[in-house]
Number of protein chains: 2
Amino acid sequence: MKPRAESTRRKTRIQRENRERILEAALDVFSTYGFRGATVDQIAVAAGMSKPNLLYYFRGKEDMQHGLLDRLLDIWLDPLRELDADGEPLDEIRSYIKRKLDMARDYPRESRLFASEILQGAPRLRELLSVQLKSLVDEKAKVIQNWMDQGKLAKCSPYHLIFSIWSTTQHYADFDAQLRAVLPPEKYVESRFEDAEQYLEQLFLHGLKPSI
Amino acid sequence: MKPRAESTRRKTRIQRENRERILEAALDVFSTYGFRGATVDQIAVAAGMSKPNLLYYFRGKEDMQHGLLDRLLDIWLDPLRELDADGEPLDEIRSYIKRKLDMARDYPRESRLFASEILQGAPRLRELLSVQLKSLVDEKAKVIQNWMDQGKLAKCSPYHLIFSIWSTTQHYADFDAQLRAVLPPEKYVESRFEDAEQYLEQLFLHGLKPSI
DNA sequence: GTTAATATTTACCAATCGGTAAAAAAATAC
DNA sequence: GTATTTTTTTACCGATTGGTAAATATTAAC
């Protein structure tokens, strides 16, 4: 009998292991080719499994992506959740940037999976975004707005501030191929994330105007 | 006889018109589904043409993307080319940001096409990037480094500075679906680009530290 | 207006796509 | 060790994929 994601029956060891292997492989394939570009055969090969065997664990392509996105959105939003209203504003921003940069370094496939989804108009993610993501961002935007009202942060749009942190940090995962093509090779290999951290700290704290 | 991209024979009016229609349709489809996710039939329909008829003008999917990327890279690099070594540094940075933001607003499909390509590891773009793009960035990075050496700009990595301009501006095209999900609807519809421009000017000039 | 070149349609094709049925094999319960 | 359940394999399927051959229709040259 087929095991199902929504089944309440307890999962066997093999089921847990194989579902994990499959999601790992799916993350690899989806993040590089996008949902439509990925094939079930490809994922099966990457998971070291025959296609029918894979389809014994997941009902289809859609089911795999759903399993992936579900599991990932939470991890993905954690760095923003940690933004602490009671912390020192500039420190909080700085450490948020650091956490996002660490994510880009440690979870580049996850970053690219989300980017690929959103790039294609987020058809399978739209609801999650406009509920979970939006409510979290709304909440944190208020926190940031309060900081600005208290004069502890320069006044600007909290939403666009958050966007700029997302874009600058995720860039290092999503556009990695471009960095590799453009950066001096030794910088790319040895220090792109340290350099990024240092640069972004400068940018977000002081901007580019020389202090003199 | 089949007309070919590399043919030296002069193109007829119909050839010029139809190749244009096809590239326009291909831009639409490739930018939303990525190269692998796009189908020739889909492009043909979007171009209002039968598939064999389309394949009379382009030898295949690859040929279409090559035609697109070739034509687009130039346009895409123009804003950076205009960065003037003899201009006022902060003004030059500001107007470069403005040009990139205008591109994101006016050419979102082009932005997404490049993003999709790079996200997938830039297999069909790598050479162009590591030659054309790299040499242009190297040149402009030197210009920016000079400005910093002259004390006209805060000292930081010119490369990462350029990356941060790319990421923050292109974000408004590439992650549009996310903006739509997160921003208050009226802000999204009415003023996201104006708000972005104002915010980015603040960020890149002064950062987030309150001036007081 | 005839002719030669160009453009479009019709009818295909082999390969790959996502997915299934059912038998065989392996693991587990007792 | 046997019976039962779970897992894997083998052999498929219809639909869609990228692409072609050849006949037909249209356009342009003269």
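By convention in this document, chain letters (A, B, ...) are assigned in the order of the sequence lines, proteins followed by strands, and residues within each chain are numbered from 1.
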Just to verify, what does B:E20 make a side chain to side chain donor-acceptor pair (under 3.5 Å) with, not counting sequence neighbours?
B:R71

Partners passing salt bridge (charged side-chain N to carboxylate O under 4.0 Å, His left out) against B:E17 (at least two apart in sequence or in another chain):
B:R13

Testing the basics here: between B:P79 and B:K100, what is the closest heavy-atom pair and its distance to 0.1 Å?
CB-CD, 4.1 Å

May I have all residue pairs that pass ring pair (Phe, Tyr, Trp, His ring centres under 6.0 Å) and include part of residues 171-190 of chain A, sequence neighbours excluded?
A:H171-A:F175, A:Y172-B:H160

Mind jotting down which residue pairs meet the ring pair (Phe, Tyr, Trp, His ring centres under 6.0 Å) criterion with at least one end in residues 21-41 of chain B? Sequence neighbours excluded, please.
B:F30-B:F35

What is the separation between atom CD1 on A:I22 and atom C1' on D:dT7, rounded to the nearest whole Å?
12 Å

Do any N or O atoms of the protein come closer than 3.5 Å to N or O atoms of nucleotides 28-30 of chain D, and which pairs are they?
unit_1: D:dA28; atom_1: OP1; unit_2: B:R13; atom_2: NH2; d: 3.2

Just N and O in the side chain of B:Q15: are any of them under 4.0 Å from OP1 or OP2 of C:dT6?
no

Which salt bridge (Lys or Arg N to Asp or Glu O under 4.0 Å) pairs, counting each pair once, include a residue from residues 37-50 of chain A, with sequence neighbours left out?
A:D41-A:K51

Pairs in or reaching into residues 98-131 of chain A: which pass ring pair (Phe, Tyr, Trp, His ring centres under 6.0 Å), with residues at least two apart or in two chains?
A:W76-A:F114

When the distance from CE of A:M49 to C1' of C:dA25 is rounded to whole Å, what number comes out?
16 Å

Please state whether the phosphate of D:dT8, meaning OP1 or OP2, lies under 4.0 angstrom from any side-chain nitrogen or oxygen of A:Y56.
no

Phosphate contact (D:dT8 OP1 or OP2) by A:S50 side-chain N/O below 4.0 Å:
no

Could you state the CD-P distance from B:E17 to C:dT6, rounded to the nearest angstrom?
16 Å

OP1 or OP2 of C:dT6 under 4.0 Å from side-chain N/O of B:N18:
no

Give the B/S/- string for nucleotides 13-19 of chain C, one per nucleotide from 5' to 3', where a protein heavy atom under 4.0 Å of the base yields B, of only the sugar-phosphate yields S, and otherwise -.
----SBB

What is the distance from CG of B:L54 to P of D:dT17, rounded to the nearest Å?
14 Å

Residues in salt bridge (charged side-chain N to carboxylate O under 4.0 Å, His left out) contact with A:D78, at least two apart in sequence or another chain:
A:R81

Could you report the tightest heavy-atom contact between A:D176 and A:R112, atom names first, then the distance?
CB-NH1, 3.8 Å

Quick one: is A:N53 getting a side-chain N or O under 4.0 Å of the D:dT10 phosphate, OP1 or OP2?
no

